[in-house]
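Only this structure's heavy atoms are used, side chains among them; waters, hydrogens and symmetry mates stay out.
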Amino acid sequence: MVRVLNEMYSNREVPAGDEDPMAEFILGGWSWRASSFRIWHVNWDPNMKQFQSKAIRPLTHRPGAWFWFAGSKDAVFDARLKLEGMLHASGAPLDVPLDLQPLTIIAKYCQDRTFHDVGGAPQVAKVYQHMNTKQFAVSWKQDPTGPASLHLAGRPLLSYEIAHLPEIKFPQQHSDDGPSR
């Protein structure tokens with residue numbers, strides 16, 4: 001994947017004064033070699049002038065905590081602190097895997113618009129060991145005073161589109177509760 005991104009970048013036609021791309025990706029899935037889920041963070045390295053990837057590991061003190069936040073350094077730092085606090089407050093055993101805690105934090109940031117680079121409806125998909133994935137439609141209020149509408153892959157569904165997918169609603173748009181499935 002990184003090789004493809006770097007080759008695409010090197011073959012682009014660029015107007016004068018082009019800046020480095022501000023792009024990063026989180027890729028995850030089941031690794032048959034490792035017999036476990038894996039996450040990779042891919043981002044642009046301005047010093048090397050190419051995309052780099054980094055394998056993500058679970059938290060040292062929580063082996064079931066596989067997650068990664070991407071975005072500005074202040075947003076990522078704050079999200080990690082909030083997640084640590086949420087996990088500590090729950091009193092869950094250290095070997096219990098994460099559920100929807102990271103998604104709850106992301107949705108709250110999208111709603112609050114605390115950070116300039118976090119916003120819009122969250123994009124939610126579930127990855128299974130048997131090579132299947134499932135996307136979720138997200139019920140989301142773009143305007144806090146308006147009605148919620150269904151979003152898929154971060155965009156609102158058009159009036160003629162029907163999502164035959166499971167739906168996630170975020171009650172924290174009205175309270176501090178977490179998402180419901």
Side-chain angles (χ1 to χ4, degrees), residues 1-2 5 22-45 51-141 148 151-154 165-181:
M1 176 69 177
V2 173
L5 287 172
M22 290 183 58
E24 63 182 318
F25 309 93
I26 300 172
L27 304 172
W30 178 260
S31 166
W32 287 101
R33 286 184 184 159
S35 293
S36 67
F37 287 100
R38 292 287 186 245
I39 301 172
W40 295 268
H41 179 230
V42 179
N43 67 332
W44 179 256
D45 183 331
F51 285 96
Q52 301 284 329
S53 71
K54 170 175 123 177
I56 304 306
R57 307 230 181 273
L59 295 174
T60 352
H61 57 285
R62 283 196 179 268
W66 282 91
F67 73 94
W68 189 255
F69 293 115
S72 63
K73 288 183 181 184
D74 53 342
V76 169
F77 180 77
D78 195 64
R80 288 182 73 90
L81 281 179
K82 279 195 177 14
L83 180 60
E84 288 282 350
M86 187 184 285
L87 294 173
H88 182 71
S90 75
L94 296 179
D95 59 346
V96 172
L98 294 175
D99 190 20
L100 296 174
Q101 298 96 333
L103 181 57
T104 302
I105 292 167
I106 291 169
K108 185 95 173 111
Y109 285 176
C110 289
Q111 173 197 344
D112 294 347
R113 300 184 182 167
T114 307
F115 300 99
H116 74 281
D117 59 340
V118 181
Q123 302 175 39
V124 182
K126 186 170 184 177
V127 179
Y128 295 93
Q129 175 180 346
H130 45 78
M131 295 179 58
N132 288 337
T133 59
K134 180 175 284 191
Q135 284 192 304
F136 289 80
V138 174
S139 179
W140 192 257
K141 288 185 174 189
H151 290 67
L152 183 61
L165 297 167
E167 182 181 329
I168 292 183
K169 295 180 182 181
F170 288 93
Q172 79 263 27
Q173 287 191 296
H174 307 289
S175 71
D176 282 339
D177 299 334
S180 63
R181 306 176 240 191

Restricting to non-hydrogen atoms, name the atom on [X] and the atom on [Y] that form the minimum distance, rounded to 0.1 Å.
X	Y	answer
Asp99	Pro102	O-CD, 4.2 Å
Pro122	Val138	O-CG2, 3.4 Å
Ala148	Ser139	CB-OG, 3.5 Å
Tyr109	Ala75	CE1-O, 3.8 Å
Phe136	Leu152	O-CD1, 3.8 Å
Val118	Ile106	CG1-O, 4.5 Å

Does the side chain of [Y] come within less than 4.5 Å of [X]'s, by heavy atoms?
X	Y	result
Trp68	Val76	no
Ser53	Met1	no
Thr114	Asp78	no
Gln101	Phe67	no

Would you please name every residue forming a side-chain hydrogen bond (donor to acceptor under 3.5 Å, both in side chains) with [X], sequence neighbours left out?
X	result
His61	Glu84
Glu24	His41
His116	none
Asp112	none

Rounded to the nearest 0.5 Å, how far does [atom2] of [Y] lie from [atom1] of [X]?
X	Y	atom1	atom2	result
Gln52	Trp44	CD	CH2	9.5 Å
Ile56	Ile26	CD1	CD1	8.0 Å
Asp117	Lys73	CG	NZ	13.0 Å
Thr104	Phe170	OG1	CZ	7.0 Å

message: Taking ring pair (Phe, Tyr, Trp, His ring centres under 6.0 Å) as the cut-off, I'd like each qualifying pair that reaches into residues 70-96, sequence neighbours left out, listed once.
response: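 Applying ring pair (Phe, Tyr, Trp, His ring centres under 6.0 Å) to every pair that reaches into residues 70-96, excluding sequence neighbours, yields nothing.
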
message: Taking salt bridge (Lys or Arg N to Asp or Glu O under 4.0 Å) as the definition, give me every residue that meets it alongside Asp74, ordered by chain and number, with sequence neighbours left out.
response: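 If we apply the salt bridge (Lys or Arg N to Asp or Glu O under 4.0 Å) test to Asp74, skipping adjacent residues, there are no hits.
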
Mind checking ring-ring contact (aromatic ring centres under 6.0 Å, His included) for [X] and listing every partner two or more places apart, or none if nothing turns up?
X	value
Trp66	none
Phe25	none
Trp40	none

Residue pairs passing the salt bridge (Lys or Arg N to Asp or Glu O under 4.0 Å) test where at least one lies in residues 52-66, sequence neighbours excluded: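 Every pair satisfying salt bridge (Lys or Arg N to Asp or Glu O under 4.0 Å) with a residue in residues 52-66: there are none.
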
- prompt: What residues, two or more places apart in sequence or in another chain, satisfy side chain to side chain contact (heavy atoms under 4.5 Å, CB included) together with Asn132?
  reply: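 Counting only residues at least two positions away or on another chain, Asn132 forms a side chain to side chain contact (heavy atoms under 4.5 Å, CB included) with Tyr128, His130.
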
field: Residue pairs passing the side chain to side chain donor-acceptor pair (under 3.5 Å) test where at least one lies in residues 26-36, sequence neighbours excluded
entry: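 Only Ser36-Arg38 qualify under side chain to side chain donor-acceptor pair (under 3.5 Å).
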
